[in-house]
Amino acid sequence: MGYEYILVEKKESVGLITLNRPKALNALCAGLIDDLGRALDDMEADDDIGAVVLTGSEKAFAAGADIKEMSEKDFMDVYLQDFITKGWERITTCRKPIIAAVAGYALGGGCEVAMMCDFIIAGENAKFGQPEITIGTIPGSGGTQRLTRFVGKSKAMEMCLTGRLMDAEEAERSGLVSRIVPNDELLSDALKTAQQIAGLSRPIVLMAKECVNRSYETTLSEGVRYERRVFHSTFATEDQKEGMAAFAEKRQPKWKNR
Ligand code: HXC
């Protein structure tokens with residue numbers, strides 16, 4: 001089945017998903033979220049793909065959940081459908097790394113989707129915000145939780161209570177994004193970074209991702225213990241033997257993904 005609201009490509013070992021609903025600034029309607037979930041299912045199942053890049057347009061990564069689609073819903077509609085988070089959480093269950101390449105607006109659900117990815121590379125014109133308060137609601141897909149973990153309570157509280165947007169410089173300073181690059185280099189930089197990850201040992205990459213994510217879910221001592229167990233288990237892989245042998249022999253490793 002094809003996609004209506006996204007473009008899906010394979011660039012070497014990287015799956016590229018481009019949100020493509022330009023007339024609505026990539027507002028995240030139900031159809032778009034469904035498309036995104038199916039694309040991630042396909043990429044997860046494709047052994048040739050080692051990492052994913054999720055991007056939008058130069059004007060908007062995504063301007064939020066689709067306000068027009070939401071406006072007529074009542075409590076029972078959203079409660080019984082578990083609106084809207086259910087579909088979006090597919091991003092957080094993807095085992096392969098996902099990089100968000102964000103230019104322009106990443107607002108409301110758009111900011112939440114970017115934060116569900118593993119890290120964010122921002123174009124110079126990126127703007128992040130949780131402006132739901134200005135339309136009579138609150139973030140509903142992790143915005144109050146993830147933004148607070150990224151940038152701390154003071155900034156997150158101000159943004160959620162006032163709807164103030166954060167530009168790329170502030171987002172980098174605050175730890176929301178890993179790097180800022182010029183807009184015209186955003187996609188190539190994100191693809192290059194993803195290709196670099198895809199060129200490493202697949203199982204070891206998955207383990208590293210799992211461990212960093214663990215830090216959000218548990219105490220420091222439990223997280224460190226978890227990391228140590230996973231670290232030990234890398235020694236049961238062929239790729240750990242290959243990686244260390246290649247270093248000692250001054251050659252490039254040949255990963256077996258085993
Ligand atoms: C539906 C949207 C939209 C949205 C923009 N559009 N954002 N449609 N849902 N979130 C549509 C506009 O209606 C308009 O359509 C077209 O996109 C272009 O938008 P403009 O407003 O004309 O563009 P501009 O003046 O450049 O302003 C850009 C903007 C503004 C600042 C990003 O569009 C804006 O404030 N958008 C809403 C941002 C927001 O509140 N997001 C949070 C949504 S709530 P027409 O047909 O008029 O041309 C949310 C809850 C998440 O995300 C909960 C998760 C479960």
Side-chain angles (χ1 to χ4, degrees), residues 3-7 17-38 40 54-94 98 100-117 120 122-151 155-171 176-177 183 186:
Y3 301 105
E4 190 175 350
Y5 300 107
I6 61 175
L7 304 173
I17 302 174
T18 306
L19 304 178
N20 186 34
R21 204 189 163 206
K23 286 190 182 143
L25 303 185
N26 293 332
L28 304 160
C29 60
L32 187 152
I33 294 300
D34 182 61
D35 279 358
L36 184 57
R38 284 189 294 114
L40 288 174
L54 177 62
T55 195
S57 69
E58 183 156 3
K59 172 147 191 198
F61 176 74
D66 190 315
I67 299 169
K68 293 163 194 168
E69 196 177 75
M70 278 189 295
S71 60
E72 295 303 319
K73 291 187 188 293
D74 65 19
F75 172 75
M76 275 308 157
D77 294 330
V78 297
Y79 179 70
L80 292 175
Q81 292 165 11
D82 204 3
F83 180 82
I84 188 173
T85 301
K86 210 168 119 197
W88 304 21
E89 280 176 351
R90 177 67 187 89
I91 301 168
T92 65
T93 60
C94 186
I98 310 183
V102 174
Y105 295 110
L107 305 184
C111 187
E112 292 172 307
V113 162
M115 291 190 292
M116 285 179 201
C117 296
I120 302 172
E124 282 167 326
N125 76 338
K127 283 195 167 49
F128 300 87
Q130 298 291 163
E132 289 89 343
I133 197 94
T134 66
I135 57 165
T137 186
I138 68 168
S141 217
T144 61
Q145 306 302 300
R146 288 197 180 90
L147 188 62
T148 309
R149 281 167 159 82
F150 276 109
V151 305
K155 275 185 191 290
M157 189 68 94
E158 187 198 352
M159 289 171 73
C160 290
L161 292 185
T162 68
R164 179 174 80 78
L165 307 189
M166 201 185 245
D167 66 16
E169 292 286 342
E170 185 181 4
L176 179 57
V177 310
N183 274 3
L186 176 64

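It should be emphasised that the depicted structure is a prediction, and the values quoted were computed from it without experimental measurement. Side chains included, hydrogens not; waters and symmetry mates left out as well; all remaining heavy atoms used. Atoms within each ligand, like the ligands themselves, are counted from 1 in listed order.
- Between M70 and F83, the closest heavy-atom pair is CG-CZ, 3.3 Å.
- The environment of E158 atom CD is dense: over 12 non-hydrogen atoms of other residues, nucleotides or ligands sit within 6.0 angstrom.
- Annotation for G129 and C111: closest pair O-CB, 3.5 Å, computed over non-hydrogen atoms.
- Listed here is the closest heavy atom pair of A101 and T55: O-OG1, 2.8 Å.
- With N125 contributing its side chain and A103 its backbone, the two residues share no donor-acceptor pair below 3.5 Å.
- Within 4.0 Å of ligand 1, heavy atoms belong to protein residues K23, A24, L25, A27, K59, A63, G64, A65, D66, I67, K68, M70, I84, W88, Y105, L107, G108, G109, E112, P131, E132, I135, G140, S141.
- Considering all non-hydrogen atoms of both residues, C94 and L40 come closest at SG-CD2, 4.5 Å.
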